[in-house]
Amino acid sequence: MSVTVVEHPLIQHKLTHMRDVETSTGSFRRLLREIAALLCYEATRDLKLTTKTIATPMAEMEAPVLAGKKLVFASILRAGNGLLEGMLDLVPSARVAHIGLYRDHKTLQPVEYYFKAPDDLGARVVIAVDPMLATANSAIAAVQRLKEHGAKDVRFVCLLAAPEGVEKFQAAHPDVPVVTAAIDSHLNEKGYIVPGLGDAGDRMYGTK
Ligand code: PRP
Ligand code: URA
């Protein structure tokens, strides 16, 4: 199991703007989409390649192309959709799964309200996306559901993680690598990441 913190300066600069309480809803969404494409670049670094014969205007060549079936991005609703947009900017042909989960504010346990995924998950690389890995209860449940539907090669991409969440996720899914832009200090008593950026879904969509 691996955790990769992507310390690229562009990501860190954009993340600082996202954290800033003064950042508008529109800017927050745009920044998340931009960072998502950069995180996707990292999470797909080890995808397998094959070759195909093409003709350039100059010559025939054996050129590299992605091997296997199209990727699946699995968005953990709602906030996962903010990352999904940027990932699809980079891999427009990817298939998409949606996992509807919200975190009960009192128990911090995930409540599932929707699941829809391509039916051949076992034959594809599946990248689950959610900006926040806090207690990790939502991510653990979402990945569990993907595995129940046959997914074997799963990765998890988030924007921010709490150390407690990373540890718990690793214990639950040691086979699933995590890619994140930062691991923050801690969770507060309400399960929010500190310093974090607040409630990602609310900041993306202007709700409270
Ligand atoms: C947020 C976030 C994650 C979850 C993380 O979603 O997008 O899904 O909390 O917390 P956890 O690691 O403690 O489970 P939320 O439940 O607020 O739903 P939303 O995306 O619909 O706003
Ligand atoms: N969900 C969020 O949106 N933010 C947090 O800090 C924790 C969970």
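The chain is numbered in sequence order, starting from 1. Ligands are counted one by one from 1 in listed order, and the atoms in each one are counted from 1 as well.
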Among non-hydrogen protein atoms, atom 5 (C) of ligand 2 lies closest to Tyr192 CD2, 3.4 Å
I'd like to know if Arg203 contacts ligand 2, where contact means a heavy-atom distance under 4.0 Å to any ligand atom. no
Using only heavy-atom distances, determine whether the side chains of Asp104 and Thr107 contain a donor-acceptor pair under 3.5 Å. yes
Cut-off 3.5 Å, side chains only: do His105 and Lys190 have a donor facing an acceptor? no
Check the surroundings of atom CD in Gln144: do more than 12 heavy atoms from other residues, nucleotides or ligands lie under 6.0 Å from it? yes
For the side chain to side chain contact (heavy atoms under 4.5 Å, CB included) test, which of Val166, Leu160, Leu133 pairs with Ile183? Val166
On the ring face of Phe73, is Arg155 found with NZ or CZ under 6.0 Å from the centre and within 45° of the axis? no
For the side chain of [X] and the backbone of [Y], is there at least one donor-acceptor N/O pair under 3.5 Å apart?
{"X": "Arg29", "Y": "Ser24", "result": "no"}
{"X": "Arg124", "Y": "Lys70", "result": "yes"}
{"X": "Asp184", "Y": "Gly196", "result": "yes"}

Residues lining ligand 1 [heavy-atom distance under 4.0 Å, listed by chain and residue number]: Leu77, Arg78, Ala79, Tyr102, Arg103, Asp130, Met132, Leu133, Ala134, Thr135, Ala136, Asn137, Ser138, Asp199, Gly201
Any idea which atoms of ligand 2 are less than 4.0 Å away from a heavy-atom of Arg103? 7 (C), 8 (C)
With a cut-off of 4.0 Å, which atoms of ligand 2 are near a heavy atom of Ala134? 7 (C), 8 (C)
Using a 4.0 Å heavy-atom cut-off, which part of Ala200 comes near ligand 2: side chain, backbone, both, or neither? both
Gly198, Gly191, Pro195: member with heavy atom nearest to atom 4 (N) of ligand 2: Gly198
Considering Ile193, Asp199, Val194, Asp202 one by one, which has a heavy atom nearer to atom 6 (O) of ligand 2 than any of the others? Ile193
Mind checking whether His173 and Phe169 have parallel, tilted or perpendicular rings, split at 30° and 60°? tilted
